[in-house]
Amino acid sequence: MNAYLLVDVDDLHACADNRQVNLQELAVAIRANAIMVAGLIESNLLRAIAFGNWSGENASLPKETLAIFQTAGYEIFDIAEPARVNESLQARFFPPEHMPVSWLILATTRKELLALLPQINFSATSRIRLWGINDAALDFGPLGDRVVVQRLDSLVGIQKIKNVAVYIDFENISISLNEQGYVVNLDHLIDRMVSQAQAHGQLVKTAAYAPWGQRGALPPLVDSGGREVADDAPSRLMKSNIDPVFHLPGKQSADIRIARDVLADADYPESGDVIILATGDRDFNDVINTLLQKRKTVVVWGVRGSTGRLLQDHPSLRLDYIDDFTDLRTHQSLSVVETEHDTESFIPSQWSSVVIQHFRLSAANPQAIITIDDLIAQLNNVGDVISQERGQDLVSQATALGILTEQDAPGAIGLNFQHPVVDKTLLIANRLARRVANTLSTRSWEYVNYGFLLKGIAMERDLDRPGMNDSDQWRSHWIDCLVRERLLQRDLVPHRHNPDDLVPVIRLPETRDSLPLSQPETEPVSIDISAQKWKGVPPHQMVDSDSDVARMVTRIVISVQQFTSFRNFAWCPLGSLHKRLREHDGGMAFQHAVEYLLVNEMVRVNEYANPRSDYNTKGIELNESNSYVAALLAERDEFVRVLLTMYRNNDGITHEAVAMQLNSDWDVGLWLSIMRSENVLNLMPGRADQFSLFRTHHTVKIVANDEVVDPQEIAG
């Protein structure tokens with residue numbers, strides 16, 4: 001960041017005398033304000049320049065003034081000819097082709113110095129602050145949307161330490177930040193808001209207004225590790241001495257509650273001298289005018305692009321943008337690695353709700369295409385979100401995280417079963433639902449005692465992973481989650497020894513809408529007699545008669561080979577493989593494809609000893625010596641080589657471009673789909689038909705004859 005502070009010392013010296021302000025305190029306060037406003041982590045990132053006439057014939061500044069600014073950390077620039085101040089500043093600090101300026105703060109009341117601005121090369125996202133020139137009618141031309149004008153006496157530290165009261169319309173701010181593409185990192189937001197408020201004086205009150213505890217009322221809130229923390233938001237606020245004030249969802253409810261509190265508090269003698277309103281809502285304009293009449297200093301924290309015009313144009317308040325004094329990341333910057341840490345407890349979150357409800361939709365109708373609107377409606381139906389808008393927020397961030405993936409059909413969305421959140425959520429939900437179902441079935445009970453279920457879950461070996469199944473509290477969190485998601489049902493029944501005492505129990509829901517997530521275990525694969533018709537028929541010859549089966553055969557061979565090669569396994573779990581390819585299964589395509597593979601001795605299906613379970617697991621093993629298998633893998637390698645060539649030539653990878661590199665016999669759409677499913681290709685954000693190659697992918701490195709590193713290193 002290239003940030004400048006220019007202080008007109010001749011002008012500032014006169015202002016200090018007129019206002020009876022200590023010049024040394026003023027110099028320090030201006031530099032500190034500039035560092036704060038620019039959001040600089042270190043003070044040395046700001047180039048602070050104090051310019052004035054110290055040595056000219058009509059020098060007006062005493063020598064001690066120079067020492068004051070030097071001591072305060074300023075670079076001194078002597079203007080011997082005051083009439084040429086703009087030329088002197090430009091020649092010294094902003095010569096032709098200088099580095100673009102990100103921040104320029106000019107402290108002066110002299111309008112003639114504004115002629116310097118058009119001579120400066122600003123960056124595309126630059127910001128300009130004018131401290132001292134108080135004229136709302138000024139026209140800054142093309143720079144107009146970058147300039148903020150403030151009175152000099154509105155700066156922090158120029159006057160006595162003031163009491164500060166902060167009222168945060170958290171619902172408005174979090175939604176606005178989300179709409180502008182920012183991830184709402186709650187911990188970072190709290191830290192920066194408190195720091196920014198303390199710069200104005202002593203905090204006497206800080207309150208954050210939102211429908212706390214109302215599931216789905218706010219956009220996803222995450223911590224610095226990317227974990228969703230909406231349920232913990234009130235406690236995190238209270239740890240920073242911010243009062244979480246509840247109001248019902250909706251703009252009107254928040255406005256009324258905040259306006260009432262602000263005006264009521266303003267009448268107390270010990271109330272804030274500085275009132276900070278964190279909101280972009282223009283409906284607070286009347287409240288602000290009332291505060292100004294009470295001689296309060298009003299500061300508004302808004303979000304760029306979401307702040308009302310009345311607030312932006314108000315001449316008597318200071319407007320700071322939250323996106324300027326925070327370092328919030330964008331949705332596009334989210335990554336799988338930052339969302340999941342094996343060392344931390346994997347607890348339910350809004351991402352879990354997305355995974356469970358999408359899987360419920362696909363399990364209820366395996367042949368259906370799940371669209372974004374379908375998923376949002378389902379989330380709304382079970383109470384995970386309260387509106388279409390909040391559902392869109394949740395789904396868009398889940399997509400940015402890689403939990404959901406865009407499918408070929410318009411608006412279609414699928415689960416990324418390789419994502420750790422998806423993998424763990426489905427594992428936990430299935431094991432818990434199955435534990436309840438098995439207990440009720442084997443013991444002929446109507447329900448399971450809550451404590452009994454906790455003990456049973458503790459014995460689930462498949463859940464013995466880092467951050468999982470480590471305490472009754474963890475198990476309770478997940479039981480509560482599945483109750484909320486309507487996979488389980490919780491009731492209160494009389495205690496058998498004391499009927500007046502009600503105890504919690506768990507049972508399976510009875511309604512069709514509450515279909516359990518747990519699916520039957522994979523049945524042994526049997527070969528239908530009709531499958532013999534495929535014996536000896538190469539996969540490519542099946543396309544005309546059994547295209548779905550032929551395409552599924554190719555998908556299975558590629559997926560199994562990649563899984564076994566990457567993990568150094570001889571076999572792939574059949575159930576996991578089916579889940580992975582379920583979105584491409586038109587009903588019986590997977591079953592028939594496995595039958596074809598067995599008939600042609602391309603695979604073996606057996607019960608294998610599972611090192612992570614006491615029970616055998618049905619798996620599928622690839623026979624790579626089979627000529628049909630070898631042909632499909634060779635075709636895969638040739639396709640990857642084409643992608644590598646385009647990658648090296650820096651050619652855009654699109655369906656049309658790839659098709660031009662291959663002959664007409666290729667099913668390019670199928671192979672692009674396979675490459676996406678296997679994570680070799682990833683759809684580029686905002687481009688419907690352009691892909692990026694995962695160059696360090698295990699399979700790509702093998703085809704490219706690169707040195708293959710340890711799989712765990714690639715995964716990390």
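Sequential numbering from 1 along the given sequence is applied to the chain's residues.
- Annotation: the span from L681 atom CG to Q690 atom CD amounts to 11.0 Å, rounded to 0.5 Å.
- H188 pairs by the ring-ring contact (aromatic ring centres under 6.0 Å, His included) definition with nothing, not counting sequence neighbours.
- Considering every non-hydrogen atom in both A217 and E171, the closest pair reads O-OE2, 4.4 Å.
- Between the CG atom in L361 and the CD1 atom in I413 there is a gap of 12.5 Å [rounded to 0.5 Å].
- In terms of the side chain to side chain donor-acceptor pair (under 3.5 Å) criterion, residue partners of D546 (sequence neighbours excluded) are, by chain and number, W534.
- Between E635 and H540 the shortest side-chain heavy-atom distance falls below 4.5 Å.
- With sequence neighbours excluded, the residues that form a salt bridge (Lys or Arg N to Asp or Glu O under 4.0 Å) with D423 are R465.
- Using a 4.5 Å heavy-atom cutoff, the side chains of P219 and R390 are in contact.
- Classified by interplanar angle (parallel below 30°, tilted 30° to 60°, perpendicular above 60°), the ring pair W666/F639 is tilted.
- Every residue two or more places apart in sequence or in another chain that forms a salt bridge (Lys or Arg N to Asp or Glu O under 4.0 Å) with D667 is listed here: R551.
- With a 4.5 Å cut-off on side-chain heavy atoms, N380 and Q388 do not count as touching.
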* Are I428 and L482 close enough, and set up right, to give a side chain to side chain contact (heavy atoms under 4.5 Å, CB included), and what steps lead you there? -> CA-CA 10 Å; I428 294 166; L482 298 193; 5.9 Å; no
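- What you find for Y628 and P538 is that their closest heavy atoms are OH-N, 3.7 Å.
- Using bins of under 30°, 30° to 60° and over 60° for the plane-to-plane angle, the ring pair Y608/W571 lands in the parallel bin.
- T699 is linked by a side chain to side chain contact (heavy atoms under 4.5 Å, CB included) to Q562, R636, H697, V703, counting only residues two or more places apart in sequence or in another chain.
- With sequence neighbours left out, the side chain to side chain contact (heavy atoms under 4.5 Å, CB included) criterion links I369 to A409, A412.
- A donor-acceptor contact under 3.5 angstrom links the side chains of Q397 and N178, judged on distance only.
- Nearest approach of R486 to N381, heavy atoms of both residues: NH2-O, 3.1 Å.
- Taking the side chain to side chain contact (heavy atoms under 4.5 Å, CB included) definition, one finds that L683 meets it with E406, R676, F691, sequence neighbours left out.
- Remark: L581 CG to F417 CZ distance equals 9.5 Å, nearest 0.5 Å.
- Residues passing the side chain to side chain contact (heavy atoms under 4.5 Å, CB included) test with D145: none are found, sequence neighbours excluded.
- Taking 4.5 Å as the limit, every side-chain heavy atom of V183 sits out of range of all side-chain heavy atoms of L328.
- Residues E595 and Q591 bring a donor and an acceptor atom of their side chains to less than 3.5 Å of each other.
- Minimum heavy-atom separation, R304 to R127: NH2-NE, 2.7 Å.
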List the atom pairs, with distances to 0.1 Å, where a side-chain N or O of residues 640-661 and a protein N or O form a donor-acceptor pair under 3.5 Å, not counting sequence neighbours.
residue : atom : partner : partner atom : Å
T645    : OG1  : R641    : O            : 3.0
N649    : ND2  : T645    : O            : 3.2
T654    : OG1  : A657    : N            : 3.0

* Steps toward side chain to side chain contact (heavy atoms under 4.5 Å, CB included) verdict (V395, L379) -> CA-CA 10 Å; V395 171; L379 291 167; 4.1 Å; yes
* To do: With side chain to side chain contact (heavy atoms under 4.5 Å, CB included) as the test, would you mind laying out the steps for W478 and S352 before giving the verdict?
  => CA-CA 10 Å; W478 277 100; S352 305; 3.6 Å; yes
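- Residues passing the salt bridge (Lys or Arg N to Asp or Glu O under 4.0 Å) test with R580, sequence neighbours excluded: E678.
- Smallest separation of non-hydrogen atoms from L488 and A433: CD2-CA, 4.3 Å.
- Side-chain contact check for L487 versus L432: every heavy-atom pair is 4.5 Å or farther apart.
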* Asked: Between D323 and V303, is a side chain to side chain contact (heavy atoms under 4.5 Å, CB included) present by the stated rule, with each step listed?
  -> CA-CA 6 Å; D323 26 338; V303 177; 4.3 Å; yes
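- Residues forming a salt bridge (Lys or Arg N to Asp or Glu O under 4.0 Å) with D327 (at least two apart in sequence, or on another chain): R192.
- Applying the salt bridge (Lys or Arg N to Asp or Glu O under 4.0 Å) test to residues at least two apart or on different chains, the pairs with a partner in residues 363-386 are R215-D384.
- In terms of modelled atom types and a separation under 3.5 Å, the side chain of N416 and the main chain of Q418 share a donor-acceptor contact.
- Summarising the geometry of A593 relative to M552, their closest heavy-atom pair is CB-CG, 3.5 Å, with the distance given to 0.1 Å.
- No side-chain heavy atom of D548 sits less than 4.5 Å from a side-chain heavy atom of H592.
- Side-chain contact, S673 with R555: a donor N or O sits under 3.5 Å from an acceptor N or O.
- Once rounded to the nearest 0.5 Å, the distance linking CH2 of W671 with OG1 of T554 reads 6.0 Å.
- You'll find the side chain of V422 stays beyond 4.5 Å of the side chain of F359, heavy atoms only.
- Distance check: L597 CG to E601 CD gives 12.0 Å after rounding to the nearest 0.5 Å.
- For the pair C481/I356, a side-chain contact is recorded, criterion being any heavy-atom separation below 4.5 Å from C-beta on.
- Under a 3.5 Å cut-off, the side chain of N600 and the backbone N or O of G536 do form a donor-acceptor pair.
- Interatomic distance, I558 CD1 to I556 CD1, rounded to the nearest 0.5 Å: 11.0 Å.
- Taking the centre and axis of the six-membered ring of F346, the NZ or CZ atom of K424 falls inside the cone set by 45° and 6.0 Å.
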